[in-house]
Amino acid sequence: MLQLSLVAASLEGNIYIYNGKNIIRLAGKSIRPYLSTLNKIKNKVNHYSKLYTLVKFNRGYFLKIPVTPDQILFFFPNFNINNMRIRSQYLLTYLTRIHDICKLVYSAFSNKEAPDWPIVVNYFYVTGKMHSQEMKDSTKNFQSFYEEQNYLMKAIMNLDEVKVRRSLEKVNHWNFMGTMFAKNNYIRGEKDVLISMLTDLSRAVIEAGLPVKYSFSLLDELIQKVELQNNIPLFNLYMQELIWRYFRELKYFRLDHQLPIAERCMRYIRNNITEMVTVNEICNHFHCSKTILCRTFKEKYHKSINIAMREIKISAAKDLLVKTRYSIKEIYTQLGFTNASYFYRVFKPLVGMTPKQYRLKYLITK
């Protein structure tokens, strides 16, 4: 099982097996919500079929990888990264690697070459119902597409999570067009559909109150993410994660504006963890006096804004060092540090060791 453990570590996930009677952990951490989910739906996913299956449930995703009729593997990726933006980037990358992950886990367990089976997507809801993703009638008129789009946009603007989920269960016009492009491997067409969707979402959240500058910055970030993809095998899920990103950004923005200025400042620091912001920029953002902001912040958190920014970035760096296999350069770049020297100067005094030593200590402990 050493090979399987190494695969689980390199893929940043947890691997379980269903042997016809019980669910057993093979590699990675034993996480109770995962076992609970599997026990709830094991009778719905224990059948053998020559398909790799991505199952979406309330807490995230897992993969079903059948090896034999009596050996079905389940792979749960680790999405427990605290920062929402970094987690979003990680998830979007994961959705483009599903097929490779399934084949790698299959081979590591069986010591055989993995079959090139197709991927299907299933959804599991709290009600216990499970259904496969399917396309509805392709003759559906564009009036229906337009109505579905408006329904979704209004749900996002009103931060109505139930209605957003209900809308995403349907086939909207992006989903329909994207799937038609995907059938013919038209990656450019898929990207154009996603960019069109992002533009519509950007307009909606601006109308709902998200600042124009911030919305355009988010739009630019996500368009670049889309453009860098060589393929988007799970187009509909990729699309849904982009939609949820906008929903969360608007939700957190609304929450921020109901909080006292010191707490809003702290949330701003956390939400902009990938940038190297300054105290002056924060003051300009909130239209607040620097003297008042600094004094109020210190009274609330008993530390300066600059110290808080360093601590939050290093906390995120520690998270990424032990929960991902990103290189140290990738980590400090994601967190807005301009060079390794500066990152090490901030990291070591706060942690008591270098980033490399911290990662090695975790791996040894594990």
Same apolar cluster: [X] and [Y], side chain cutoff 4.5 Å:
X	Y	answer
Met157	Leu242	no
Ile273	Ile307	no
Ile305	Ile312	yes

Work out which heavy atom in [X] is nearest to a heavy atom in [Y]; give both atom names and the distance.
X	Y	result
Leu250	Ile156	CD2-O, 3.4 Å
Tyr106	Val67	CE1-CA, 3.8 Å
Ser107	Ala114	OG-N, 3.3 Å
Pro66	Lys64	CD-O, 3.7 Å
Ala204	Met153	CB-SD, 3.7 Å

Exam field: side chain [X] to backbone [Y], donor-acceptor pair closer than 3.5 Å:
X	Y	result
Glu281	Thr278	yes
Thr274	Gly336	no
Arg254	Gly209	no
Glu263	Pro260	no
Lys191	Gln229	yes
Asn284	Asn280	yes
Asn339	Ser341	yes
Ser315	Glu311	no
Lys313	Glu275	yes

Set of residues satisfying ring pair (Phe, Tyr, Trp, His ring centres under 6.0 Å) with respect to Tyr238, sequence neighbours excluded: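 With neighbours one apart ignored, the set is empty.
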
Answer yes or no: is there a side-chain heavy-atom contact under 4.5 Å between [X] and [Y]?
X	Y	answer
Asn14	Phe74	no
Arg245	Lys225	no
Leu335	Ile314	no
Ile243	Met197	yes
Phe109	Ile15	no
Leu218	Glu249	yes
Leu201	Phe247	no
Ile292	Ile261	no

All salt bridge (Lys or Arg N to Asp or Glu O under 4.0 Å) counterparts of Glu227, not counting sequence neighbours: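 Residues passing salt bridge (Lys or Arg N to Asp or Glu O under 4.0 Å) with Glu227: Arg188.
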
side-chain contact (heavy atoms from CB on, under 4.5 Å) between Tyr332 and Phe347, worked out: CA-CA 10 Å; Tyr332 75 67; Phe347 190 97; over 6 Å; no

Nearest-0.5 Å distance that lies between atom [atom1] in [X] and atom [atom2] in [Y]:
X	Y	atom1	atom2	answer
Leu259	Cys265	CG	SG	11.5 Å
Met309	Ile269	CE	CD1	5.5 Å
Ile119	Leu63	CD1	CG	8.0 Å
Ile72	Ile65	CD1	CD1	11.0 Å
Leu293	Arg264	CG	CZ	10.0 Å

When you look at [atom1] of [X], are more than 12 heavy atoms from neighbouring residues, nucleotides or ligands closer to it than 6.0 Å?
X	atom1	value
Glu207	CD	no
Lys154	NZ	no
Glu113	CD	no

Ring-ring centroid check Tyr16 Phe62, cutoff 6.0 Å: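 Between Tyr16 and Phe62, the centre distance exceeds or equals 6.0 Å.
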
Met276 vs Thr338, side-chain contact (heavy atoms from CB on, under 4.5 Å): CA-CA, chis, key distance, verdict: CA-CA 9 Å; Met276 194 59 74; Thr338 53; over 6 Å; no

Plane angle bin for Phe297 and Tyr301 - parallel if under 30°, tilted between 30 and 60°, otherwise perpendicular: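 The rings of Tyr301 and Phe297 sit tilted, inter-plane angle from 30° to 60°.
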
Plane angle bin for Tyr52 and His99 - parallel if under 30°, tilted between 30 and 60°, otherwise perpendicular: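 The arrangement is perpendicular - the two ring planes meet at more than 60°.
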
Worked verdict on Glu161 versus Arg165 for salt bridge (charged side-chain N to carboxylate O under 4.0 Å, His left out): CA-CA 6 Å; Glu161 187 169 344; Arg165 291 189 184 280; 3.0 Å; yes

Donor + acceptor pair across side chains of Arg203, Thr199 (<3.5 Å):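 Short answer, no.
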
Trace of the side-chain contact (heavy atoms from CB on, under 4.5 Å) decision for Leu198 with Tyr246: CA-CA 9 Å; Leu198 290 171; Tyr246 269 90; 3.6 Å; yes

